[in-house]
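Read the numbers this way: they start at 1 and go in the same order the structure lists the ligands and their atoms.
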Amino acid sequence: PANSEKLTQFLKYGVYHLESSNAVFIDPVRALNRSYSLFKVSPLRYYSRFFEHKPLGTTATGTCSNSRKRKRKEKRPPLALNERERAADHRHQEVRPFLLKAHESLLRTDELLSVLPNLRSGEAAPAGNDESELPQQSFIELGRLWQASMYEISLNFPHSREQTRDEGLLRSLCFNGLDMLLPIFDNLVANDMDDDVEAEFLGSRYIIPRDSCFYMSDLKHIKNLVPGEDSCGFHLIVIDPPWENGSAQQKSRYPTLPNRYFLSIPIKQLAHEEGALVALWVTNREKLRTFVEKELFPSWGVRHVATFHWLKVKADGSLICDLDLFHHRPYESLLLGYCDGKIVDSEKLPKGRDIHDNQVMISVPGDYSRKPPIEDLVLELVPGLKPPRCIELFAREMRAGWLSWGNEPLYFQESRYFMS
Ligand code: SAM
């Protein structure tokens with residue numbers, strides 16, 4: 001049968017608005033591909049987990065396989081909860097109906113469910129022995145070396161770059177034919193072309209989307225991002241901090257930082273004079289939620305206006321684990337708040353009462369702690385003229401039209417994550 005208009009749009013842009021709920025289903029691969037013209041994000045690499053076959057005994061509403069033992073341990077009776085756990089449980093109970101409604105809506109959407117198992121197809125498995133099998137470069141370790149300031153990345157610009165180059169953006173550059181060599185650490189590296197460009201660093205290739213830039217540095221140097229003029233600030237600030245928590249440390253994929261370090265992020269100075277929407281990813285730890293509400297947002301000058309949730313499913317539509325597991329939930333939350341600008345133009349600010357709280361985005365997760373793109377969900381809440389100026393803090397990837405900052409913003413830009 002012919003695809004519905006909704007499914008056709010989903011297959012093109014990666015976003016499907018689910019019927020009768022505050023929810024969307026997202027295919028991050030399709031959504032990210034809007035940033036690229038010459039390359040495509042590899043679905044096989046993106047979806048490295050959760051595409052296994054449904055184990056026996058798993059229900060569509062999402063019971064984890066082999067998790068009975070863990071569940072017995074983690075699902076303690078309410079009486080055994082201490083005060084903080086009770087607060088966490090209360091928060092969970094408030095969110096639960098929205099998550100269930102969104103998930104039920106997904107399970108009713110047959111046309112979408114029928115394409116989910118194919119999200120990962122569309123390319124041949126990478127042949128063995130190729131460069132992508134080599135271990136990945138650790139920017140975190142290189143950035144700590146005393147030689148860091150001497151490392152350079154080479155950007156391969158096509159001929160037309162000669163006319164469009166904005167030299168004001170680039171601190172030190174020298175030409176080597178059509179390759180431009182730029183310091184890779186503590187330097188703003190920009191691709192202001194209308195196409196993706198390829199870059200090379202220590203023998204690995206990276207894909208840099210059109211009209212994007214990265215600044216790779218430690219948190220110590222974040223002040224260098226503060227724009228010289230308020231009109232050059234950002235309308236959307238997405239932040240996914242390396243929060244300290246049991247699981248991140250256990251897996252030690254990246255270093256984490258104590259909460260108080262994040263108080264120093266200069267949100268007010270990064271915000272555009274017309275104001276900024278701040279979107280902060282948080283874990284379900286109650287202690288962290290209290291810290292953000294009572295200390296972090298107030299010190300950043302951010303007013304909390306809504307909380308959205310990311311519900312994680314497998315390729316068959318079932319939740320990645322039981323919704324009610326105490327220490328391991330199949331969802332994470334995104335706190336949204338406003339940082340007022342110097343120009344208070346109430347006409348340009350989306351009205352608080354218009355914001356639907358508890359919206360849910362559903363997707364099949366990619367690599368560990370890789371978050372789905374959120375701009376489709378939050379765009380109408382972003383103040384100022386469109387297109388907005390966007391920045392992602394603690395980023396591991398780049399987007400067309402965005403500035404990505406962190407100690408490894410090129411991580412998912414390596415060519416192993418792309419197909420030509
Ligand atoms: N949002 C990202 C994604 O979807 O892939 C994940 C971000 S991860 C939660 C946090 C990032 O912060 C990691 O890349 C980590 O290396 C980085 N980070 C940790 N300590 C840092 C520091 N001192 N300065 C800058 N970045 C740091």
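- In this structure the side chain of Ile265 reaches within 4.5 angstrom of the side chain of Phe394, judged on heavy atoms.
- Under the 6.0 Å distance and 45° angle rule, Arg329 counts as a cation-pi partner of Phe326.
- A salt bridge links Glu19 with Lys6; the closest basic N to acidic carboxylate O contact falls under 4.0 Å.
- Legend: residues meeting side-chain hydrogen bond (donor to acceptor under 3.5 Å, both in side chains) with Asn284, ordered by chain and number and at least two apart, are absent.
- Counting heavy atoms of neighbouring residues, nucleotides and ligands inside a 6.0 Å radius, atom NZ of Lys40 does not exceed 12 of them.
- Taking the centre of each ring, Phe262 and Phe291 stay at or above the 6.0 Å mark.
- Contact residues for ligand 1 (protein heavy atom closer than 4.0 angstrom to any ligand atom): Ile140, Ser217, Asp218, Leu219, Asp240, Pro241, Pro242, Tyr254, Pro255, Leu257, Ser369, Arg370, Lys371, Glu392, Phe394, Arg396, Trp405, Asn407, Glu408, Phe412.
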